[in-house]
Amino acid sequence: MKSLSKLLGLSIMAALLITSCSNDDDNEPITPTGPETTLTGVITADRILDPTKQYTISGPVSVASEVKLTIPAGTVIVSEVGVENYLAVLQGGEIDVQGTATSPVVMKSNGASGSWGGLLLCGNSTTTEGANASAEVAGLIYGGNNAGDSSGNIDYLIIRDSGAQINANSQFNGLTLYAVGSGTTIDNVAVINGTDDGVEFFGGTVNVNNFYAENLEDDAVDWTEGWSGTLTNTYVFNSTASFSTAIEADGVNNNPTLINFTAISATGGVAVQIKNNSGATINGLTITGFDTSFDFRDDAPASNLQVDDADADTADDAVFASSSTNASLFAWVTNASASSGNQLPSNITASVTLDASVEYTVAGPVLVNSGATLTIPAGTQIVSQSGTANYIAVLKGGKLDIQGTAANPVEMRSGDGNAWGGLLLCGNASTTEGVNAIAEVGGLIYGGTNDADDSGAINYLILRNTGAQINADSQFNGLTLYAVGSETSIQNVAVIGGADDGVEFFGGTVSMTNFYAENLEDDSVDWTEGWNGTLTNTFVKLTISGFSTAIEADGVNAEPTLVNFTAVSTTGGTGIQIKNNSGAIINGLTLTGFDTQFDFRDGAPSSNLPIDGVNAAEEGTFATSTSVEADFAWINN
């Protein structure tokens, strides 16, 4: 079969070629290694590396006091395997990593995950260990009284395969910051496939902006010894089992600040662990897919962890979805390697047309970024891993063009029949949540002022097995429409066998024609946040027990219109539920086999639901819709 990389546009291919040196196994060196490209011992004079050469770390490498090591954009450094191989900047020394989004600096090993010591900075800032503390690594000295100390600059750096074991109790991290001061600038760092932490702060006052962590076996972010800096815009993704946490905090609480921290797990686990008297202030937190949100150890109080101006909510059903950081911020990381085989990439940043003869896979979030269009020809099959970490999302400004036909629909499903996250569109139309609202999914942003916004076109699409659980209160749907505008065209969509809603409208003005929903465990059609489009020709088939409703409506009533809506149940249940002040205008309604036709909740009046010109009434018979199951015979093609 063809690989996805053969199908990408020229602009993406160019980006992949520029950064292909970050791939793990099959890259040939840019130049042969030799003495001049081997880094070893102590660097005692200022040195600028050559980005056209590939460098090797052989043994401990340290940058001495009063010395600067400059690493230009695009430089690749490959470490030999083993605990003795690492790069350390000593007290008074400096590093200047000059990567860019198109040419990041890459540090990795020539072995597997967890096979070298990563990058360590030793500063002269404060730590509860005091001045001239001794690190667990080779007796490195760190700590002093200069909170504004500078260990240099890091920008656009990818660290892979780190985490070599130091002793029975500790390992190297990807990026280790020993008492590093606030005069150090650290922006745009990614740590991928390590066997210990992504970044660990041992005291210090340093700030880090834009940090990405993927598949680390211990903690993505760890701090101790009284770190007091700020971590802004973090995205953590785990698809491996038995990792420790997204955040671990220990020691004295100097109240560091985390701004917009998003963590997604495909395998459960613990999101945030606070030990002893540690803590932090978090402004913007999204947690998806974890079994446990918070674990307070050693009598650590919940008051030590302030989340969005309140003590951390430790209730089992607590929802955390306020971070605006999503994977699109880190396209420079995920575009640095070609996708594996036919796997869709994490970030689609230039227009891509798939090949209908290829079966594509989804493993993790797939984001269609602003300015890009993902075109999916008729007959294309997309198979996702199951679980909450796996979905396809079109971001604000991005577009989707699904070109299915009645004879050859596009199909998206999970590989094992269990629930996955489905398809999400994020638009720029109006919603009662306002402009740039944050979705409950992975920090996705939606909502604006352009009711005629265009997120593309969908025609003849089948979605199966959707509905992975996001948190205790919500799940993914088959098709989720966040503030999608009226210029978006959606026709001929079927959602079959899902664990949550078939389609849910979060505000927006989009209309949809020809919708089929079969055996969804929650609501077949759901809307909230003031959706006011039109849904034409719907057929709902329910042969399972325990579903919620054929229609659920909540929030402000912007009077959407439903034309020819047919719902048939063989197991009773409720047909239509109207909550709060929501409602709709229905022209053509058939309800068959429901125990309860209408359920008005929270004081919602029946006048909010006129049906064929008359207010809904339980005693009425409703059989005026012309939509029938035969209209959707195409789903069996």
Side-chain angles (χ1 to χ4, degrees), residues 10-24 27-33 36-39 43 45-57 61 63 67-79 86-89 93-110 116 118-121 150-162 174-175 177 183-192 198-199 206-214 232-233 235 327-338 345-347 349-350 369:
L10 291 177
S11 59
I12 284 187
M13 286 301 297
L16 294 176
L17 288 171
I18 289 170
T19 55
S20 63
C21 55
S22 66
N23 292 344
D24 286 339
N27 294 307
E28 295 184 3
I30 299 170
T31 61
T33 58
E36 73 281 1
T37 59
T38 298
L39 303 177
I43 299 173
D46 290 354
R47 183 172 181 183
I48 302 174
L49 302 187
D50 182 346
T52 67
K53 297 179 180 179
Q54 178 174 290
Y55 290 84
T56 299
I57 290 176
V61 179
V63 181
V67 173
K68 178 187 286 188
L69 174 63
T70 301
I71 307 178
T75 304
V76 177
I77 300 174
V78 181
S79 175
Y86 56 85
L87 174 58
V89 179
E94 289 191 335
I95 193 169
D96 186 9
V97 176
Q98 301 175 339
T100 67
T102 55
S103 293
V105 170
V106 177
M107 299 179 182
K108 61 181 182 178
S109 81
N110 59 11
W116 73 293
L119 176 62
L120 306 92
L121 274 59
S150 175
S151 297
N153 167 75
I154 298 174
D155 207 2
Y156 290 104
L157 170 64
I158 298 174
I159 300 172
R160 297 180 181 271
D161 319 316
S162 54
L175 176 62
L177 301 173
T184 310
T185 59
I186 303 179
D187 302 294
N188 306 300
V189 175
V191 184
I192 301 172
V199 60
V206 67
N207 303 316
V208 176
N209 298 306
N210 302 339
F211 179 70
Y212 178 91
E214 179 182 324
T232 302
N233 294 335
Y235 187 87
S328 65
L329 181 63
F330 300 97
W332 65 272
V333 179
T334 54
N335 282 346
S337 299
S346 299
N347 276 286
T349 55
N369 283 251

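The residues of the chain are indexed from 1 along the displayed sequence.
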[X] [atom1] to [Y] [atom2] distance, which is reported to the nearest 0.5 Å:
X: L175; Y: L177; atom1: CG; atom2: CG; answer: 4.0 Å
X: I71; Y: I77; atom1: CD1; atom2: CD1; answer: 4.0 Å
X: T232; Y: N207; atom1: OG1; atom2: CG; answer: 7.0 Å
X: I192; Y: E214; atom1: CD1; atom2: CD; answer: 5.5 Å
X: L329; Y: Y235; atom1: CG; atom2: OH; answer: 11.0 Å

Qualifying residues under side-chain hydrogen bond (donor to acceptor under 3.5 Å, both in side chains), relative to [X], sequence neighbours excluded:
X: N153; value: D96, T185
X: T184; value: none
X: N210; value: N188, N233

- Task: For S162, enumerate each residue passing the side-chain contact (heavy atoms from CB on, under 4.5 Å) test, keeping only those at least two apart in sequence or located in another chain.
- Result: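 Partners of S162 by the side-chain contact (heavy atoms from CB on, under 4.5 Å) criterion, ordered by chain and then number, come out as W116, I159, V191.
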- Can you name the side-chain contact (heavy atoms from CB on, under 4.5 Å) partners of A213, sequence neighbours left out?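 Result, side-chain contact (heavy atoms from CB on, under 4.5 Å) vs A213: F211, L216, A220, V236.
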Minimum heavy-atom separation for [X] to [Y], with atom names?
X: T37; Y: K53; value: CG2-CD, 3.8 Å
X: V333; Y: A190; value: CG2-CB, 3.6 Å
X: P72; Y: V105; value: O-CG2, 3.3 Å
X: G152; Y: E94; value: N-CG, 4.0 Å

- Item | Residues L39, L87; criterion side chain to side chain contact (heavy atoms under 4.5 Å, CB included); working and verdict | CA-CA 9 Å; L39 303 177; L87 174 58; 5.6 Å; no
- Message: Please check: side-chain N/O of S103 versus main-chain N/O of T100, any donor-acceptor pairing under 3.5 Å?
- Response: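 Answer holds: no.
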- Query: Under 3.5 Å, is there a donor-acceptor pair between the side chain of N347 and the main chain of T349?
  - Reply: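 Pair absent, no side-chain N/O of N347 close to backbone of T349.
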- Message: Checking side chain to side chain contact (heavy atoms under 4.5 Å, CB included) between T70 and each of L49, I48, V97, D46, which is the one that passes?
- Response: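 Exactly one option meets the side chain to side chain contact (heavy atoms under 4.5 Å, CB included) with T70, and it is I48.
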- Query: Can you check whether L121 reaches V206 side chain to side chain, under 4.5 Å on heavy atoms?
  - Reply: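 They are not in side-chain contact.
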- Considering only heavy atoms from C-beta outward, does the side chain of Y55 approach that of D50 to under 4.5 Å?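 Result yes, sub-4.5 Å side-chain heavy-atom pair found.
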- Item | For F330, ring-ring contact (aromatic ring centres under 6.0 Å, His included) partners two or more places apart |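 Only Y212 meet the ring-ring contact (aromatic ring centres under 6.0 Å, His included) criterion with F330.
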- Begin from the C-alpha positions of L157 and L119 and carry the test side chain to side chain contact (heavy atoms under 4.5 Å, CB included) through to its verdict. CA-CA 11 Å; L157 170 64; L119 176 62; 3.8 Å; yes
